[in-house]
**Q** 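Just dropping this structure here.
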Amino acid sequence: MVGPDEPLWSDSDRAWALALLAVEDDTCRGCGQPLSTATAPEAEDAWVAEIIRCHACTAAGQRTAQFQQAGGDPNGAHVHVHHQGG
């Protein structure tokens, strides 16, 4: 518990938080790779992409399409995906 005259964050807490911000700032929002590496001119042909399918996202997309085709308004809709077991 933090006392009335104690800081909420220790020096170590602040250092970790700043390090996380630096990593997040250097991360591409599209692919998740470090921007400092992925945007370097010499890295232009250094990347290989593969197609994978997230079956949970597939189920969510299919359910959303069904909802819209049935006249459902997708604005503000959220899809909850859960595993059926197995």
Side-chain angles (χ1 to χ4, degrees):
M1 185 125 185
V2 177
D5 294 325
E6 295 178 300
L8 293 175
W9 291 53
S10 69
D11 290 342
S12 178
D13 292 335
R14 281 189 291 282
W16 280 108
L18 291 171
L20 176 59
L21 285 173
V23 168
E24 289 174 344
D25 284 347
D26 188 46
T27 300
C28 175
R29 290 180 180 90
C31 66
Q33 298 297 324
L35 286 169
S36 55
T37 303
T39 60
E42 63 273 11
E44 185 171 348
D45 296 318
W47 297 94
V48 176
E50 63 180 288
I51 301 295
I52 61 170
R53 179 179 302 273
C54 173
H55 301 296
C57 289
T58 299
Q62 290 170 342
R63 181 63 187 103
T64 300
Q66 291 169 351
F67 179 72
Q68 288 179 284
Q69 289 168 1
D73 181 0
N75 292 314
H78 296 265
V79 180
H80 174 75
V81 179
H82 57 92
H83 195 267
Q84 296 187 64

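Heavy atoms only: backbone and side chains are in, while hydrogens, waters and symmetry mates are out. On a predicted model such as this, the values are computed, not experimentally measured, just so you know.
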**Q** Return the set of residues passing ring-ring contact (aromatic ring centres under 6.0 Å, His included) with H78 (not counting sequence neighbours), or none when no residue passes.
**A** none
**Q** Could you list the donor-acceptor pairs under 3.5 angstrom formed between side-chain atoms of residues 37-47 and any protein atom two or more places apart in sequence or on another chain?
**A**
residue, atom, partner, partner atom, Å
T39, OG1, L35, O, 2.5
W47, NE1, A43, O, 3.4

**Q** With sequence neighbours excluded, tell me which residues meet ring-ring contact (aromatic ring centres under 6.0 Å, His included) with H82.
**A** H80
**Q** Name all residues meeting the side-chain hydrogen bond (donor to acceptor under 3.5 Å, both in side chains) criterion together with S10; count only those two or more places apart in sequence or in a different chain, and write none if there are none.
**A**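 Here the qualifying residues are D13.
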**Q** Any chance you could pull the hydrophobic cluster mates of V81, using side-chain heavy atoms under 4.5 angstrom and chaining through other members?
**A**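 Besides V81, the cluster holds V79.
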**Q** When Ile, Leu, Val, Met, Phe, Trp and Tyr are grouped by side-chain heavy atoms lying under 4.5 Å apart, directly or through other members, which residues fall in the same group as L18?
**A**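 When side chains under 4.5 Å apart are linked, the cluster holding L18 also contains L21.
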**Q** Using a side-chain heavy atom cutoff under 4.5 Å and only I, L, V, M, F, W and Y, what cluster partners does W16 have?
**A**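 W16 shares its hydrophobic cluster with no other residue.
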**Q** Show me the donor-acceptor pairs within less than 3.5 Å that the side chains of residues 56-73 make with the rest of the protein, sequence neighbours left out.
**A**
residue, atom, partner, partner atom, Å
T58, OG1, R53, NH1, 3.4
T58, OG1, C54, O, 3.0
T64, OG1, A60, O, 2.8
D73, OD1, N75, N, 3.0
D73, OD1, N75, ND2, 3.0

**Q** Please identify each residue that fulfils salt bridge (Lys or Arg N to Asp or Glu O under 4.0 Å) with D11, with sequence neighbours left out.
**A** R14
**Q** Could you pull out all residues at least two apart from T27 that satisfy side-chain hydrogen bond (donor to acceptor under 3.5 Å, both in side chains)?
**A** none
